[in-house]
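The structure appears right after this line, and notes come after that.
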Amino acid sequence: KDWFQFYRDLGVREEHLSSIIKSFYEHWDKIDPPSMIPHAKEMLYKIETKIRLDNLSFVSNGASEIIGQMFKRDRIEKYFPLVRTSKSGKADHLYNLAKEQPTMLLYVGDLVYDGEECKIARERGADNLYFKGIIHPYAFNTPHAMKQFVLQNTDFATTVKSLEELAEEL
């Protein structure tokens, strides 16, 4: 779902989307998984000491095998049991997490799509769910696109420049 929207946002015509995404996955399968965002490991340790692991989840559209490889490579495999994956979007997982958590739930993402999935979960009733859009050089979306999304959704969305900045806010 998000790759179709991602390529639409880039201006790819509808009739070319499937072949471009197929080519992307063929290429993706030949390369190593992406590196961890700078300061992500430190952020995880800070979260673990400040808010406990039972308050942490990873929601991803990625394949659990690849996520497992990445976590092992980055020596954070102890967090792997906290991963929730879905090929059909993140909104269902976000909604369920929000319903399990009676207090504020913060979802951090670096794609506008992440914010859109958060918005869908909120529209379903997860009104304790909030979104922090990370604006960093590794994001798929431009800072402008993330800022535009946040400006249109100020009731639940804000931006943060880095994981370091987010860690300072905790």
Side-chain angles (χ1 to χ4, degrees), residues 1-28 31-44 46-47 51 56-63 66-67 70 74 76 83-95 97-98 104-170:
K1 181 180 170 184
D2 63 329
W3 288 119
F4 282 91
Q5 190 58 50
F6 173 74
Y7 285 110
R8 278 187 200 102
D9 292 345
L10 289 176
V12 175
R13 293 179 17 209
E14 200 69 30
E15 63 267 20
H16 300 295
L17 289 174
S18 291
S19 64
I20 287 174
I21 291 169
K22 181 180 179 213
S23 295
F24 170 82
Y25 279 115
E26 287 170 357
H27 175 71
W28 182 263
I31 62 173
D32 290 331
S35 298
M36 189 183 282
I37 296 171
H39 308 290
K41 192 181 289 190
E42 295 85 353
M43 179 69 176
L44 288 172
K46 188 165 192 166
I47 288 171
I51 66 170
L56 177 66
S57 293
F58 298 88
V59 180
S60 176
N61 287 341
I66 303 244
I67 295 168
M70 291 168 40
D74 297 328
I76 58 169
V83 174
R84 297 181 185 207
T85 62
S86 171
K87 294 284 185 191
S88 62
K90 301 174 182 179
D92 288 340
H93 285 305
L94 293 170
Y95 174 81
L97 285 167
M104 185 184 101
L105 178 67
L106 180 63
Y107 178 51
V108 180
D110 62 355
L111 294 170
V112 169
Y113 165 78
D114 293 328
E116 291 167 345
E117 290 291 291
C118 184
K119 183 176 182 174
I120 291 167
R122 286 180 57 84
E123 288 168 351
R124 293 180 186 165
D127 54 0
N128 60 328
L129 178 62
Y130 294 86
F131 177 68
K132 280 273 189 195
I134 306 174
I135 299 173
H136 61 84
Y138 311 98
F140 278 112
N141 296 115
T142 65
H144 176 74
M146 184 63 80
K147 289 175 184 174
Q148 282 300 113
F149 174 80
V150 167
L151 282 173
Q152 295 167 1
N153 296 283
T154 56
D155 56 324
F156 73 92
T158 58
T159 59
V160 65
K161 291 180 183 164
S162 67
L163 289 176
E164 263 184 327
E165 183 180 310
L166 181 60
E168 290 171 15
E169 290 181 16
L170 290 177

In Å, rounded to the nearest 0.5 Å, how long is the span from [atom1] of [X] to [atom2] of [Y]?
| X | Y | atom1 | atom2 | value |
| --- | --- | --- | --- | --- |
| T85 | H93 | OG1 | NE2 | 6.0 Å |
| I67 | R84 | CD1 | CZ | 13.0 Å |
| L105 | D127 | CG | CG | 11.5 Å |

- Using the test side chain to side chain donor-acceptor pair (under 3.5 Å), find all partners of D9 that sit at least two apart in sequence or belong to another chain.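 Partners of D9 by the side chain to side chain donor-acceptor pair (under 3.5 Å) criterion, ordered by chain and then number, come out as Q5.
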- Not counting sequence neighbours, which residues clear side chain to side chain donor-acceptor pair (under 3.5 Å) with D92? List them please.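 For D92 the side chain to side chain donor-acceptor pair (under 3.5 Å) partners, ignoring immediate neighbours, are R124.
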Just jot down the side chain to side chain contact (heavy atoms under 4.5 Å, CB included) partners of [X], sequence neighbours excluded, or say none.
| X | result |
| --- | --- |
| S18 | F4 |
| I76 | M36, K41, L44, F71, D74, Y79 |
| E14 | R8, L17 |

Heavy-atom closest contact ([X] atom, [Y] atom, distance):
| X | Y | result |
| --- | --- | --- |
| C118 | F131 | SG-CB, 3.8 Å |
| M146 | I135 | CG-CG1, 4.0 Å |
| L129 | Y107 | CD1-CB, 4.0 Å |
| L94 | A121 | CB-CB, 4.0 Å |
| I120 | A91 | CG2-CB, 3.6 Å |

- Message: Using modelled atom types and a 3.5 Å cut-off, is there a donor and acceptor pairing between side-chain atoms of N128 and backbone atoms of A98?
- Response: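 Here the side-chain-to-backbone pair exists.
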- Message: Please evaluate residues Y7 and H16 with respect to the criterion side chain to side chain contact (heavy atoms under 4.5 Å, CB included), reporting the C-alpha separation (whole Å), side-chain torsions for both, the decisive distance (0.1 Å), and the verdict.
- Response: CA-CA 9 Å; Y7 285 110; H16 300 295; over 6 Å; no
- Answer yes or no: is there an ion pair linking E42 with K46, defined by an N-O contact shorter than 4.0 Å?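 Result for this pair is no, no salt bridge flagged.
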Output a table of donor-acceptor pairs, distance under 3.5 Å, between side-chain atoms of residues 148-158 and any protein atom two or more places apart or on a different chain; print 'none' if there are none.
unit_1 : atom_1 : unit_2 : atom_2 : d
N153   : OD1    : K119   : NZ     : 3.3
N153   : ND2    : F149   : O      : 2.8
T158   : OG1    : K132   : NZ     : 3.3

